[in-house]
Amino acid sequence: MAKIIWISDIQSGLYTDKNIELKGWIKRHRSSGKIVFMTIRDSTGEIQCVAKKAEILESEFGEIKNALIESSIILNGLVKSDERAPGGHELSITSVKIIGPVHPKNPFPITESAMEHSEGGETEFLLDNRHLYLRTKKMTTMLKIRSTVFGSIHSYFRNLDFIEYQAPSFVAGAVEGGSTLFEVPYFGKKAYLTQSWQLYAEAAMPALEKLYTIAPSFRAEKSRTRRHLTEFWHAEMEIAWGGNNEVMNHGESLVRHIAKTILDERTEELNILGRDLELISTYADSKYPRMRYDEAVETLQKLNVEIEWGQDLDYSKEKILTQDFDVPHFLTHYPKIAKPFYHRPDPDDEKYVLCHDLLAPEGYGEIIGGGERTWSEKEILERIDEEGTPREPYEFYIDIRRFGGVPHGGFGMGVERVCSWLSGAEHIREVIPFPRDSRRVTP
RNA sequence: GCCGUAUUAGCUUAGUUGGUGGAGCGGCGGACUGUUAAUCCGCAGGUCGCAGGUUCGAGUCCUGCAUACGGCGCCA
């Protein structure tokens, strides 16, 4: 039953003038009495198949004629080169077997009309029928790019001898403010779903020195924007003996590597999405400028944006700031009061912390957040107390600093945000198979 | 949590100053031997989101509720 012939190979001419067996699904179907045209799709492409009444069994002709869209099918026939067929090749059918029929009383619901308004955000219907919507060109194209993005993250870190390292998803404490944690019952106790791998990575930092992961993170934010999910894939790294600049260098190289890889390996998919390849190429080749928080505030004030020193830069400010950017920009050295305790204060000026955000252009916003960690016992206790955070849940974290603490740092990258930006998606939902947000956990 | 918009057939939608709800897609039947989202003819398919109210009469006006979508705050 194994499948050995793929449509992309047929279209590239590998089987021309040969008899083959084709396995796939009916994408489109047209009949005109004595001839039936079908577009068959598989995971690699599409091909037109032709059945002529005079050339096959009458019963099989009837089966083809009545078959509905998305029925799975095995066809035998002769591959011909034909200019009239999209892609340049077609299959002249000699026999047919419907494997998984679709019933007329329950036809495939993702029709042309259902897709009509999917451009500016999916309709409720498409979100409810996500399990079937996945089969469409738009989704498969996005998912192929997504796969390549994941692969390129692994290859970036592994080429540099980083160790892939896993942290638990059930945790007791928070990385960020507690309000965004998902609480789950845990045998009579309370546990939370992790927001970040970071604290556990810091524990392994003195052992493995260069670590990375790609794992789901959870945020119970009731955000309703095109940039937020409650469950997203988080690519994170942590290095020993490195500070803010080294970490930023990795962030920049990683993003450029991802852009380069999809440019090389997903050219066709980027074209299908109508993405400007020159743009992606710029992202792959340029240096990403670095701007201090103070500069950003000055720039905004010159543009008459109301902002006071010490305020975090929210999306409305990021958006104005990134309007004129043609490549991602780093923002560094935020005020200490705007960031959590684990960010290390700048020894040159304790008002600031050694941190960075990487902002993507085209209005996609923050894709990376990272920096140098507070790494001595004295400093971490000061910062925790200053913030009024209880020490108890972080005892293990403080302990790391009691036994050979070293300068270290890392970042977290929102993988869907990167996919969304590079593929030019209208909504972050488009780049994940089953999106989770504050109002939807199904299907 | 806040603000905005929407809800009419399986899907996408039209519906005028309030007067018996139309179309396209999809499905079914028929015609057609080269179609490209095929075309043409016909058929079926609707508690107009729910509950009240105004009115002789409500898809349309008013109130409440529900759900969804979009945006803000927060963040990756």
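Values reported hereafter were calculated over all heavy atoms of this structure, with side chains retained and with hydrogens, waters and symmetry mates removed. In the text below, chain A, chain B and the rest are named by the order of the sequence lines, each starting its count at 1. Since we're looking at a predicted model, the values are computed, not measured.
Between the CD atom of A/E70 and the P atom of B/rC11 there is a distance of 18 Å, given to the nearest Å. At whole-Å resolution of the value, CG in A/D437 and P in B/rA76 are 19 Å apart. Atom CE of A/M248 is separated from atom P of B/rA76 by 16 Å (rounded to the nearest Å). Rounded to whole Å, the distance from CD1 on A/I26 to P on B/rG27 is 11 Å. Taking atom CE of A/M38 as the reference point, atom P of B/rG34 lies 18 Å away to the nearest angstrom. Residue A/K34 contributes atom NZ, which lies 11 Å from atom C1' of B/rA31 at whole-angstrom precision. Rounded to whole Å, atom C1' of B/rA68 lies 5 Å from atom CD of A/E124. Per the geometry, CZ belonging to A/F61 stands 9 Å off C1' belonging to B/rU33, to the nearest Å.
With no hydrogens or angles considered, no side-chain donor-acceptor pair links A/H408 and A/E372 at under 3.5 Å.
Within the nucleic acid shown, A/S31 comes within 4.0 Å of at least one base atom, counting heavy atoms only. A/L68 comes within 4.0 angstrom of the backbone, heavy atoms only, and of no base. Residue A/Y315 is classed as a base contact, given a heavy-atom separation below 4.0 Å to a base. Base engagement by A/Q48 is indicated by at least one non-hydrogen atom pair under 4.0 Å involving a base atom. Here A/R439 lies in heavy-atom contact (under 4.0 Å) with a base. Nucleic acid contact class of A/K53 (heavy atoms, under 4.0 Å, all strands): none.
With hydrogens and angles ignored, no donor-acceptor pair closer than 3.5 Å exists between the side chain of A/R224 and the base of B/rC74. Judged by distance alone, with hydrogens and angles left aside, A/S32 brings no side-chain donor or acceptor close enough to the base of B/rG34 to form a pair under 3.5 Å. A donor-acceptor contact under 3.5 Å is formed by the side chain of A/E90 with the base of B/rG34. A donor-acceptor contact under 3.5 Å is not formed by the side chain of A/T180 with the base of B/rC74. With hydrogens and angles ignored, no donor-acceptor pair closer than 3.5 Å exists between the side chain of A/K105 and the base of B/rG10.
Of the possible polar contacts, one joining the A/Q11 side chain to the A/E46 backbone as a donor-acceptor pair under 3.5 Å is found.
Taking the centre of each ring, A/H356 and A/F330 come in below the 6.0 Å mark.
By the 30° and 60° cut-offs, the orientation of the rings of A/H250 relative to A/F162 is perpendicular. Ring geometry for A/F411 against A/F157 counts as tilted: the plane angle lies between 30° and 60°, on a 0 to 90° scale.
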Requested in this report: Both distances under 3.5 Å, Watson-Crick or G-U wobble: on that basis, could you give the dot-bracket string for RNA chain B, with [ ] for crossing pairs and | for other-strand partners?
Outcome: (((((((..((((.....[..)))).(((((.......))))).....(((((..]....))))))))))))....
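Side-chain contact between A/Y293 and A/P335 is present, with at least one heavy-atom pair separated by less than 4.5 Å. In this structure, the side chains of A/I69 and A/P107 stay at 4.5 Å or more apart for every pair of heavy atoms.
Between the CG atom of A/N106 and the NE2 atom of A/H103 there is a distance of 9.0 Å, given to the nearest 0.5 Å.
Stacking annotation: A/F232 is stacked on the base of B/rA76 (ring centroids less than 5.5 angstrom apart, interplanar angle below 30 degrees).
Among B/rC75, B/rG27, B/rG24, the nucleotide with an atom closest to any side-chain atom of A/S113 is B/rG24.
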